[in-house]
Amino acid sequence: MTIFLHIFCFSVFSIKASATGNGGVPVLLKKVTAELTYSSLCVPDDIKGRGMEQIPNYLYRDDGLKIWAAIESYVSDIINYYYTSDEMVKEDAELQAWVAEVFKEGFLENKSSEVPYSLETRTSLIKYLTMAIFRCSAQHAAVNSGQFDFYSWMPNGPATMKSPPPNTKGVTTMDTILEALPDVNTTTFGVTAVWVLSNEPMDRRRLGEYPDELFTEKTPLQFIRRFQDQLSEISKSIQKRNKTMLLPYPYLDPNQIENSVSI
């Protein structure tokens, strides 16, 4: 059986639009995937594509690139250990079927996205798996974990609006703002939702922790320990930096990142 399916326990990346039933979700998914690109899913490419390489104090970039590099190093170790040539990648029927299914069901066969629907080399496989692991672990933590911190101050992101936003500058007053904001019950519902989403799961499995012990071979176990050591160093660095900040950024601390989406 394809080894990477056991290595990464990754089953949440392919989104089946057909499983959502009738209604707006398939329509929304189609609209989103029409604008999605493979480069936007890969942090180094995304940062460069948005011209954010030199922006100061961009902590998502600083922490995210370190975690991406650690994941990429780990994936590279594993892939090059089990796949000793590009031919093995091309000839792995299970792997190719999985990638094709992700492209079909998760990206609705949108070729303009440049998301791969087959993989020809170990290098392309390493990038693909690094992207998948990062999106389901670190990226999810970056967008999910801070929701309560941000949205608990309701004006930052009202759950609803009682009147449309102004379309002319200089006409907004405190009265018009208060009239547009949601009532107490709606606000309570919204704050409760983000509190639940931001809460630490009871069965936490941090990035790099594999309690199921899928590996028994010496070399892969060494790769895992090296990955864990890299993440530990990144965590220490982030925690040290955050102690000096008035507004810390803890969301990409590996100690706070789940192995995969856990809500």
Side-chain angles (χ1 to χ4, degrees), residues 1-16 19 41-43 63-64 66-84 88-89 91-103 105-106 116 119 122 124-145 196-236 238-239 250-263:
M1 184 174 287
T2 305
I3 189 65
F4 81 90
L5 292 173
H6 292 289
I7 297 168
F8 303 113
C9 299
F10 177 67
S11 60
V12 298
F13 187 68
S14 179
I15 304 170
K16 292 186 177 291
L41 296 174
C42 301
V43 176
D63 299 346
K66 292 176 183 176
I67 295 169
W68 176 279
I71 295 172
E72 184 178 48
S73 175
Y74 168 55
V75 172
S76 180
D77 285 339
I78 292 291
I79 293 304
N80 286 314
Y81 180 76
Y82 285 103
Y83 292 87
T84 57
M88 289 184 68
V89 172
E91 294 173 1
D92 189 329
E94 277 191 276
L95 169 64
Q96 300 297 340
W98 179 70
V99 173
E101 182 182 12
V102 170
F103 179 72
E105 303 292 351
L119 297 171
R122 288 179 291 176
S124 64
L125 175 57
I126 289 165
K127 182 174 183 177
Y128 189 84
L129 291 177
T130 300
M131 176 275 295
I133 294 170
F134 184 93
R135 301 301 296 188
C136 289
S137 58
Q139 184 65 26
H140 179 260
V143 300
N144 179 73
S145 301
V196 171
L197 290 171
S198 301
N199 250 354
E200 179 179 326
M202 298 298 293
D203 57 344
R204 163 164 282 188
R205 293 188 177 187
R206 293 181 177 88
L207 180 61
E209 293 182 358
Y210 307 106
D212 294 333
E213 298 184 355
L214 300 174
F215 290 107
T216 57
E217 298 164 275
K218 179 180 178 180
T219 300
L221 291 175
Q222 290 175 338
F223 294 155
I224 291 173
R225 284 193 291 271
R226 182 158 63 194
F227 181 43
Q228 292 169 341
D229 289 342
Q230 288 177 306
L231 293 174
S232 178
E233 289 303 311
I234 294 171
S235 179
K236 290 175 184 177
I238 291 174
Q239 291 176 23
Y251 310 118
L252 284 177
D253 179 347
N255 197 43
Q256 304 297 319
I257 298 173
E258 291 287 309
N259 253 332
S260 187
V261 178
S262 58
I263 58 171

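Panel note: side chain D92, backbone M88; no donor-acceptor pair is recorded below 3.5 Å. Under a 3.5 Å cut-off, the side chain of S76 and the backbone N or O of E72 do not form any donor-acceptor pair. The main-chain N or O of I79 is never found under 3.5 Å from a side-chain atom of R122 such that the two would form a donor-acceptor pair. A donor-acceptor contact shorter than 3.5 Å is absent between the side chain of S73 and the backbone of A69. Without hydrogens or angle criteria, R206 side chain to N255 main chain gives a donor-acceptor distance under 3.5 Å. Side-chain atoms of Q96 come within 3.5 Å of backbone atoms of L119 as a donor-acceptor pair (strictly under, hydrogens ignored). Using modelled atom types, one side-chain atom of S137 and one backbone atom of I133 make a donor-acceptor pair closer than 3.5 Å. For D212 (side chain) and L214 (main-chain N/O), no donor-acceptor pair under 3.5 Å exists by modelled atom type.
At a cut-off of 3.5 Å, with distance as the only test, no side-chain donor of E209 or N259 sits close to an acceptor on the other residue. In summary, the side chains of Y251 and D63 do not present any donor paired with an acceptor at a separation below 3.5 Å, with no hydrogens or angles considered. Side-chain contact, Q228 with Y210: no donor N or O sits under 3.5 Å from an acceptor N or O.
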Would you sort out whether L129 and L125 count as a side-chain contact (heavy atoms from CB on, under 4.5 Å), showing the intermediate values? CA-CA 6 Å; L129 291 177; L125 175 57; 3.7 Å; yes
Criterion side-chain contact (heavy atoms from CB on, under 4.5 Å) on Y74 and I78, from CA distance to verdict: CA-CA 6 Å; Y74 168 55; I78 292 291; 3.6 Å; yes
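Of all heavy-atom pairs spanning L207 and I71, the tightest one is CD2-CD1, 4.3 Å. Across all their heavy atoms, L252 and A142 have their closest contact at CD2-CB, 4.0 Å. Shown here for Y81 and E217, the closest heavy-atom pair between the two residues is OH-OE2, 3.4 Å. Minimum heavy-atom separation, I67 to A138: CG2-CB, 4.0 Å. Taking all atoms of both residues into account, the shortest heavy-atom contact from G208 to F227 is CA-CE2, 3.7 Å.
Here the side chains of W68 and C42 are in contact, with some heavy-atom distance below 4.5 Å. A 4.5 Å side-chain heavy-atom check between E233 and Q230 finds every atom pair outside the cut-off. Proximity of Y83 to I126: side-chain heavy atoms (C-beta onward) are nowhere separated by under 4.5 Å. With a 4.5 Å cut-off on side-chain heavy atoms, R205 and P211 count as touching.
Between atom OG of residue S235 and atom NZ of residue K66 there is a gap of 11.0 Å, rounded to the nearest 0.5 Å. The CZ atom of R135 sits 13.0 Å away from atom OG1 of T130, with the distance rounded to the nearest 0.5 Å. The distance from atom CD1 of I224 to atom CD of E213, rounded to the nearest 0.5 Å, is 9.5 Å. The distance from atom CG of D253 to atom OG of S145, rounded to the nearest 0.5 Å, is 10.5 Å.
Within the 6.0 Å centre-distance limit, the rings of W98 and Y128 are counted as a close aromatic pair.
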